Novice: 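Dumping the structure here so I can ask a few things about it.
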Amino acid sequence: MLFGQPLVVDMDFEKHMTNKERQNCAYQIQMMISANRKHQDPYSLELHNAPPTLDTMTRLERYVPPLYDVRHLSNSNLNFAESLEVLVMALEALHKEAKPLGLEVSWLRPRKAQVRRMMASCHEKSGRAPGGPEYPVPINPKSYLDKYPKEQLVYLTPHCQEELLVYDHNAVYIIGAIVDKSSGEPLSLAKAKREGIRMQKLPLDSFFPVNTGMRQGCVLASSLFNTCMDWVLGKVVDQSDCGASLGNTKITDLVFADDAVIFAESLEVLVMALEALHEEAKPLGLEVSWLTTKVQVFGG
């Protein structure tokens, strides 16, 4: 996995995502890592712009506990030692040389920075590179521009015009780690333009014809989806008279992308509202996810 064609995941979009979108993003990256590990010809999957302080990285580690078993330092280089004395000298040198650059060694993370003794026989017995982690995914807090020449990079974004019709085995393809269900802004396109990186999009429309809805990357998708949800919930309110009073104001529902909150002052009204939601959404090809639907009671 560490010696295949590089595939970069750009983690530089956290500020544009909600907490739920970050959780979804971490889950999708975990699925990507898993699928890549099982493939006969895996990529060398790399996470860039990924300092451990990112909330998305914290969530990703919950899915992949061994993620930080081997600390990736500067383009995934590891320092090995065959004795404790040599290891102590290396750690003291690391502390001393990093300090002028404003970097600090995290001494209080024993689980994530486990001490491993690497003997020369390990590689021969296991057939693996010494010290290779269970999830050999290089994690780099720096940009991919610091590692690869710009002319080798290709940013995959659904908002550009050029399709990826001929696969380049020498290119380093970049995928933006972003889940954006609300605004639909072309964030990866804008970043690629700022950095002067070539852009392409996967030709999904050529292989998966779209007969209804919007094509990949259309900026109208989120607006049309919100219009659809407003129409469905308007029908729900008319049929169930749901809502909760706050002073002189009656709040019926809250909507964010495909997530909705319905207010009701009794269980009977809530059941009517949910039944109406199910019936009105069905003709539009929408389904209520009952497994993730929750009821919250306020005020006893």
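Since we're looking at a predicted model, the values are computed, not measured.
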Novice: Would you list the atom pairs, donor with acceptor, under 3.5 Å between side chains in residues 281-290 and any protein atom, with sequence neighbours excluded?
Specialist:
residue	atom	partner	partner atom	Å
Ser289	OG	Thr292	OG1	2.8

Novice: Show me the pairs that pass salt bridge (Lys or Arg N to Asp or Glu O under 4.0 Å) and involve residues 154-171, at least two apart or across chains.
Specialist: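 Found Glu162-Arg198.
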Novice: Just to verify, what does Gln239 make a side-chain hydrogen bond (donor to acceptor under 3.5 Å, both in side chains) with, not counting sequence neighbours?
Specialist: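 Listed in chain order: Glu280.
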Novice: Do the non-hydrogen side-chain atoms of Leu277 and Ile262 ever get within less than 4.5 Å of each other?
Specialist: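 Heavy-atom side-chain distance check passes, below 4.5 Å.
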Novice: List the residues meeting ring pair (Phe, Tyr, Trp, His ring centres under 6.0 Å) with His39, not counting sequence neighbours, and say none if there are none.
Specialist: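 Applying ring pair (Phe, Tyr, Trp, His ring centres under 6.0 Å) to His39 gives none.
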Novice: Please determine which of Glu46, His48, Gln152 meets the side chain to side chain donor-acceptor pair (under 3.5 Å) test together with Lys147.
Specialist: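 Going through the options one by one, the only one that passes is Glu46.
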Novice: Take atom OH of Tyr27 as the centre, draw a 6.0 Å sphere, and report whether it contains more than 12 heavy atoms from other residues, nucleotides or ligands.
Specialist: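 Open: at most 12 neighbouring heavy atoms sit under 6.0 Å from OH of Tyr27.
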Novice: Output the distance between atom NZ (Lys191) and atom OH (Tyr155), rounded to the nearest 0.5 Å.
Specialist: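 Going from NZ on Lys191 over to OH on Tyr155, the span is 5.0 Å.
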Novice: Answer yes or no: does atom NZ of Lys250 have more than 12 heavy-atom neighbours from other residues, nucleotides or ligands under 6.0 Å?
Specialist: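 More than 12 heavy atoms, drawn from other residues, nucleotides or ligands, come within 6.0 Å of this atom.
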Novice: What are the two closest heavy atoms between Gln5 and Ala171, and how far apart are they?
Specialist: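 Closest pair (atom of Gln5, atom of Ala171, distance): NE2-O, 2.8 Å.
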Novice: Residues in ring pair (Phe, Tyr, Trp, His ring centres under 6.0 Å) with Tyr173, at least two apart?
Specialist: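 Partners of Tyr173 under the ring pair (Phe, Tyr, Trp, His ring centres under 6.0 Å) test: Tyr167.
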Novice: Just checking, is any N or O donor in the side chain of Asn19 or Gln23 under 3.5 Å from an acceptor N or O on the other one?
Specialist: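 No, no side-chain donor-acceptor contact under 3.5 Å.
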Novice: Quick one: does Leu60's side chain get under 4.5 Å of Leu47's, heavy atoms only?
Specialist: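 Result yes, sub-4.5 Å side-chain heavy-atom pair found.
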Novice: With sequence neighbours excluded, what pairs up with Asn49 under the side-chain hydrogen bond (donor to acceptor under 3.5 Å, both in side chains) test?
Specialist: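 Asn49: side-chain hydrogen bond (donor to acceptor under 3.5 Å, both in side chains) contacts with Asp10.
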Novice: When Ile174 is tested against each of Val9, Val154, Leu153 for side chain to side chain contact (heavy atoms under 4.5 Å, CB included), which residue passes?
Specialist: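 For Ile174, the side chain to side chain contact (heavy atoms under 4.5 Å, CB included) check succeeds only for Leu153.
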Novice: Heavy atoms, side chains only, cut-off 4.5 Å: are Met57 and Pro52 in contact?
Specialist: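 The answer is no, as the side chains (C-beta and beyond) never meet within the 4.5 Å cut-off.
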